[in-house]
Amino acid sequence: MKLFFLPYAGGSASVFLSWKRSLDQAIDIRPVELAGRGKRICEPLYESMEEAVSDVFSIISKEIDEEEYAIYGHSMGTILAYEVTRKIKATKMKEPEHIFFSGRNSPDTENIFKDMHTLNDNDFIKLISNYGGPNMELFENEEFKTMFLPILRGDFNIVEMYKFQKDHFKLGCNITILNGREDELISFEHMKKWERVTNGSCRFYEFDDGHFFINKYRIEICKIINDTLV
């Protein structure tokens, strides 16, 4: 089974490569590289969530065949996973067997980020560091700052612009919701709303960590994936 990984804001395909060691051999991991980073570093960043969704759809749709597949998205990646699957269903293509939505409230929850990407560098860096992003000391390296900050701002821009479509659309597949119990960006009430986005089953898992619980609990998460897909 193919498993497509969609990264968080500022993330690249490389952040999921280490997961292969903990996943069952029957799972063929396919981390999706977004524009403007990794091997696509020379490509322009997305200007809207719609543009990002269209790009990810063009990548995944080429890989969809008779074989079953699943999608794992973390934070920004959950919105990409949800909207790409909406596009897949709209074009009558094979829907994922399962979707893992990780580290984000349900898509119909009001966005808590308001013009974060317009903050000055110091305030922007401080805010993302508070949420568990890169340590502020990393940004003292001008080369890192020059390369990474525009990517992060661009991702926050499209997340802040995202508009949920209130058209009663529902997924048809089973879903798994994962979150960090100490994540200040998430509330249990809004996490429970994920149940409403699908006609399939919905399971919840909580971890004793913050927004980037996927780093500390990678092995445990991979076991959940293995148990679910294999």
Side-chain angles (χ1 to χ4, degrees), residues 1-9 16 19 22-24 26-27 29-30 32 49 53 56-57 60 64 67-112 159 162-214 216-230:
M1 175 182 285
K2 295 175 183 175
L3 176 58
F4 297 97
F5 284 101
L6 301 175
Y8 46 82
F16 291 109
W19 291 44
S22 302
L23 289 172
D24 192 280
I27 298 175
I29 73 166
R30 302 291 180 95
V32 176
M49 184 61 74
V53 169
V56 173
F57 171 77
I60 292 180
I64 297 176
E67 184 182 356
E68 293 180 343
Y69 71 99
I71 302 175
Y72 188 111
H74 184 73
S75 196
M76 179 182 76
T78 66
I79 299 302
L80 288 171
Y82 174 78
E83 291 295 339
V84 166
T85 305
R86 171 194 286 271
K87 201 171 183 69
I88 286 170
K89 287 198 71 173
T91 53
K92 310 297 184 184
M93 300 183 73
K94 182 180 176 67
E95 192 173 356
E97 178 73 12
H98 201 96
I99 306 178
F100 300 88
F101 294 110
S102 170
R104 188 178 173 86
N105 291 323
S106 62
D108 60 341
T109 303
E110 183 178 359
N111 198 338
I112 66 171
V159 168
Y162 172 69
K163 301 295 183 184
F164 175 73
Q165 300 179 54
K166 300 178 181 180
D167 56 3
H168 306 293
F169 165 80
K170 284 201 173 187
L171 302 169
C173 60
N174 298 332
I175 63 176
T176 294
I177 313 303
L178 307 97
N179 73 284
R181 190 174 283 109
E182 300 167 19
D183 190 345
E184 297 179 3
L185 304 178
I186 290 174
S187 72
F188 180 74
E189 175 188 359
H190 291 147
M191 289 297 291
K192 288 292 290 180
K193 289 182 179 179
W194 275 108
E195 294 177 321
R196 305 189 308 197
V197 309
T198 185
N199 288 318
S201 66
C202 180
R203 290 182 298 177
F204 294 87
Y205 294 90
E206 276 195 321
F207 300 88
D208 290 321
D209 203 5
H211 188 61
F212 286 98
F213 65 90
I214 59 173
K216 181 178 179 180
Y217 290 97
R218 173 178 55 82
I219 293 176
E220 290 83 353
I221 295 169
C222 285
K223 185 179 185 306
I224 292 171
I225 295 173
N226 290 334
D227 292 344
T228 302
L229 301 183
V230 180

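- Annotation: side-chain hydrogen bond (donor to acceptor under 3.5 Å, both in side chains) contacts of K193 (sequence neighbours excluded): none.
- Residues satisfying the side-chain contact (heavy atoms from CB on, under 4.5 Å) criterion with S201, sequence neighbours excluded, are N174.
- With values rounded to the nearest 0.5 angstrom, M191 atom CE is found 10.5 Å from F101 atom CZ.
- Applying the salt bridge (charged side-chain N to carboxylate O under 4.0 Å, His left out) test to R196 and every residue at least two apart in sequence or in another chain returns D108.
- Residues satisfying the salt bridge (charged side-chain N to carboxylate O under 4.0 Å, His left out) test with K89, not counting sequence neighbours, are E95.
- Between the side chain of N226 and the main chain of D24, a donor-acceptor pair closer than 3.5 Å is present.
- Under the rule for a side-chain hydrogen bond (donor to acceptor under 3.5 Å, both in side chains), the partners of H211 that lie at least two apart in sequence or sit in another chain are S75, D183.
- Residues passing the side-chain contact (heavy atoms from CB on, under 4.5 Å) test with N199 are K170, sequence neighbours excluded.
- Partners of E97 by side-chain contact (heavy atoms from CB on, under 4.5 Å), not counting sequence neighbours, listed by chain and number: M1, E68.
- More than 12 heavy atoms of other residues, nucleotides or ligands lie within 6.0 Å of CZ in F204, so this atom counts as buried by the packing criterion.
- Among residues two or more places apart in sequence or in another chain, the side-chain hydrogen bond (donor to acceptor under 3.5 Å, both in side chains) test is passed with E206 by N179, R181.
- Between T78 atom OG1 and R104 atom CZ the span is 5.5 Å, to the nearest 0.5 Å.
- If you take NZ on K87 and CD1 on I60, they are separated by 12.5 Å, rounding to the nearest 0.5 Å.
- Exactly one of D167, L171, T91 qualifies for a side chain to side chain contact (heavy atoms under 4.5 Å, CB included) with R86. That residue is D167.
- Checking side-chain atoms of T198 against main-chain N and O of C173 turns up a donor-acceptor pair under 3.5 Å.
- Not a single salt bridge (charged side-chain N to carboxylate O under 4.0 Å, His left out) links E67 to another residue, sequence neighbours left out.
- Interatomic distance, L3 CG to L23 CG, rounded to the nearest 0.5 Å: 6.5 Å.
- For E189, the side-chain contact (heavy atoms from CB on, under 4.5 Å) partners at least two apart in sequence or on another chain are S187.
- For Y69, there are no side-chain hydrogen bond (donor to acceptor under 3.5 Å, both in side chains) partners at least two apart in sequence or on another chain.
- Remark: K216 pairs with no residue by the salt bridge (charged side-chain N to carboxylate O under 4.0 Å, His left out) rule, at least two apart or across chains.
- For the ring-ring contact (aromatic ring centres under 6.0 Å, His included) with H74, the qualifying choice from F5, F16, F213, W19 is F213, the only one to do so.
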Criterion side chain to side chain contact (heavy atoms under 4.5 Å, CB included) on I221 and F100, from CA distance to verdict:
CA-CA 10 Å; I221 295 169; F100 300 88; over 6 Å; no
